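Predicted model, so just to flag it, every value in this text is computed and none were measured. Sequence positions, counted from 1, serve as the residue numbers for this chain.
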Amino acid sequence: MEKRTELYAGKAKTVYTTDDPERLVLEFRDDTSAFDGEKVAQLARKGRVNNRFNAFIMERLQAAGIPTHFERLLSERESLVKRLDMLPVESVIRNVSAGSLCRRLGIEEGLDLEPPVQEFFLKNDALHDPMINESHMITFHWATEGEISRMKELTRQVNGVLQTLFADAGLVLVDYKLEFGRFRGELLLGDEFTPDGCRLWDRETREKLDKDRFRQGLGSVVESYEEVARRIGVEL
Ligand code: ADP
Ligand code: UDP
């Protein structure tokens with residue numbers, strides 16, 4: 001497998017083509033951003049930690065029968081993945097109230113959500129990733145009816161696996177974002193699962209151990225990612 005040209009440089013990762021048209025390399029950079037790219041910084045070690053964190057989670061999901069794009073770690077910061085035709089939407093699942101749910105609906109932070117809330121957002125920084133519904137996705141061809149139900153089914157399955165995995169490490173999986181894409185007619189989980197795209201709190205102290213440390217200027221951002229990684233058993 002040979003890395004070829006840069007396909008896309010996102011806010012936190014750079015995507016490269018390879019000599020295999022169905023495979024891409026994801027490079028996890030130290031760059032971090034919040035508020036649709038308005039607040040940015042470089043955090044030493046973040047790319048390396050997130051690359052390993054993501055590999056660990058994707059392998060656990062794959063082992064639980066959830067189809068993902070992940071193939072293997074290539075280097076400190078790089079992973080090999082299947083090249084997906086990404087749906088331009090984000091699927092968010094919330095087990096505990098936080099973030100935009102609280103702002104939008106005036107809900108207090110920290111309430112257990114049963115059943116968990118599932119929401120879709122359009123991936124569009126210029127529009128600040130607006131919330132969308134199934135009707136929008138169908139009318140504007142962002143996803144078919146079958147893809148929407150598959151995303152919801154996979155999101156539910158992912159939640160079952162990850163809630164247990166984090167609970168066993170004394171952590172509350174508050175909420176997170178998933179992205180999906182098409183590969184040979186099948187929908188696969190793509191992108192990443194790292195503390196950059198989820199909220200994780202210590203079960204006892206409720207301390208935030210995720211990207212909210214960066215958003216809210218709490219410091220020790222990567223140290224907290226490393227703490228979570230160690231607790232769930234990621235080799236750093
Ligand atoms: P953003 O685009 O939000 O700035 P990143 O910096 O994480 O985010 O960039 C990674 C980009 O790669 C995202 O747009 C994501 O949708 C896309 N991507 C992730 N996995 C795959 C894949 N397997 N195939 C194609 N694109 C992917
Ligand atoms: N999220 C993400 N990327 C986005 C939007 C949200 O990874 O573009 C994650 C975010 O980290 C959180 C969850 O999805 O874990 C729900 O985010 P929310 O809607 O509460 O938005 P926020 O308050 O983070 O702006």
Side-chain angles (χ1 to χ4, degrees), residues 10-13 31-41 43 46 50 53-54 57 86-140 142-143 148 151-152 154-156 158-160 162-163 166-167 171-180 189-225 227-228:
K11 296 186 291 295
K13 300 192 289 301
D31 300 295
T32 198
S33 71
F35 313 118
D36 303 314
E38 277 170 32
K39 179 175 178 176
V40 293
L43 300 173
K46 194 199 69 145
N50 276 4
F53 198 108
N54 178 62
I57 297 286
M86 299 301 290
L87 305 185
V89 302
E90 301 183 337
S91 174
V92 167
I93 190 134
R94 303 176 185 274
N95 298 309
V96 175
S97 59
S100 73
L101 178 85
C102 298
R103 295 198 296 276
R104 207 176 332 113
L105 303 179
I107 307 282
E108 178 190 333
E109 185 182 89
L111 301 180
D112 286 336
L113 304 173
E114 187 48 51
V117 169
Q118 199 265 324
E119 300 169 333
F120 289 108
F121 295 88
L122 179 66
K123 254 180 85 79
N124 186 322
D125 282 340
L127 297 177
H128 305 292
D129 292 356
M131 192 162 120
I132 52 172
N133 65 25
E134 297 179 21
S135 160
H136 295 128
M137 286 190 274
I138 292 164
T139 298
F140 300 116
W142 294 326
I148 295 167
M151 273 194 282
K152 286 161 73 177
L154 289 173
T155 301
R156 229 182 354 262
V158 167
N159 203 37
L162 296 188
Q163 270 191 308
F166 288 109
L171 297 161
V172 180
L173 179 57
V174 172
D175 58 29
Y176 53 95
K177 179 266 298 181
L178 300 176
E179 291 184 27
F180 296 91
L189 177 63
D191 204 44
E192 66 178 288
F193 188 98
T194 69
D196 268 355
C198 69
R199 289 191 169 94
L200 288 161
W201 297 347
D202 181 89
R203 190 172 50 214
E204 304 307 325
T205 64
R206 302 248 134 184
E207 189 186 6
K208 296 178 193 322
L209 297 168
D210 53 70
K211 195 157 110 179
D212 271 350
R213 298 202 70 84
F214 174 69
R215 292 190 190 97
Q216 300 175 9
L218 301 174
S220 303
V221 181
V222 178
E223 289 77 4
S224 299
Y225 290 20
E227 162 76 15
V228 172

Exercise. Where do Asn159 and Gln118 land on the side chain to side chain contact (heavy atoms under 4.5 Å, CB included) test, with the steps shown first?
Worked result: CA-CA 11 Å; Asn159 203 37; Gln118 199 265 324; over 6 Å; no
Exercise. Can you list the steps and then say if Val228 with Phe166 is a side chain to side chain contact (heavy atoms under 4.5 Å, CB included)?
Worked result: CA-CA 9 Å; Val228 172; Phe166 288 109; 4.1 Å; yes
Exercise. Picking from Asp175, Val117, Leu113, Leu105, what satisfies side chain to side chain contact (heavy atoms under 4.5 Å, CB included) with Ser97?
Worked result: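 Exactly one candidate clears the test, Leu113.
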Exercise. When the ring planes of Phe193 and Tyr176 are compared, do they come out parallel, tilted or perpendicular, using 30° and 60° as the limits?
Worked result: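 Taking Tyr176 first and then Phe193, their aromatic rings stand perpendicular (interplane angle over 60°).
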Working to the nearest 0.5 Å, report the span between [atom1] of [X] and [atom2] of [Y].
| X | Y | atom1 | atom2 | answer |
| --- | --- | --- | --- | --- |
| Asp191 | Asn54 | CG | CG | 8.0 Å |
| Glu119 | Ile93 | CD | CD1 | 10.0 Å |
| Glu227 | Leu200 | CD | CG | 11.5 Å |
| Phe35 | Phe214 | CZ | CZ | 8.0 Å |
| Thr155 | Lys177 | OG1 | NZ | 12.0 Å |
| Glu192 | Cys198 | CD | SG | 9.5 Å |

Problem set entry | side chain to side chain contact (heavy atoms under 4.5 Å, CB included) between Tyr225 and Asn50, worked out | CA-CA 8 Å; Tyr225 290 20; Asn50 276 4; 3.4 Å; yes
Quick check: do [X] and [Y] have side-chain heavy atoms less than 4.5 Å from each other?
| X | Y | result |
| --- | --- | --- |
| Leu122 | Phe140 | no |
| Asn95 | Val172 | no |
| Phe120 | Ile148 | yes |
| Glu38 | His128 | yes |
| Met131 | Arg104 | yes |
| Val96 | Asp112 | yes |

Could you pull out the closest heavy-atom pair between [X] and [Y], with the gap in Å?
| X | Y | result |
| --- | --- | --- |
| Glu179 | Leu189 | O-CD1, 3.5 Å |
| Leu209 | Asp202 | CD1-N, 4.1 Å |
| Ser100 | Phe121 | OG-CZ, 4.3 Å |
| Leu111 | Glu108 | CG-O, 3.6 Å |
| Lys208 | Asp212 | CD-CB, 3.8 Å |
| Lys11 | Gly37 | CD-CA, 4.1 Å |

Output yes when a side-chain donor or acceptor of [X] lies under 3.5 Å from a complementary backbone atom of [Y], and no otherwise.
| X | Y | value |
| --- | --- | --- |
| Asp125 | Asp36 | no |
| Ser91 | Leu178 | no |
| Arg213 | Gly219 | yes |
| Lys211 | Val221 | no |
| Asn124 | Asp129 | no |

For this session: Quickly, which of Lys46, Arg215, Lys13 forms a salt bridge (charged side-chain N to carboxylate O under 4.0 Å, His left out) with Asp196? Name it, please.
Result: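 Going through the options one by one, the only one that passes is Lys46.
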Problem set entry | salt bridge (Lys or Arg N to Asp or Glu O under 4.0 Å) between Arg206 and Glu109, worked out | CA-CA 11 Å; Arg206 302 248 134 184; Glu109 185 182 89; over 6 Å; no
Problem set entry | Derivation of the salt bridge (Lys or Arg N to Asp or Glu O under 4.0 Å) call for Asp210 and Arg199 | CA-CA 5 Å; Asp210 53 70; Arg199 289 191 169 94; 5.1 Å; no
For this session: For side chain to side chain contact (heavy atoms under 4.5 Å, CB included), just list the numbers for Leu87 and Met137, CA-CA rounded to whole Å, side-chain angles, deciding distance to a tenth of an Å, and then say yes or no.
Result: CA-CA 10 Å; Leu87 305 185; Met137 286 190 274; over 6 Å; no
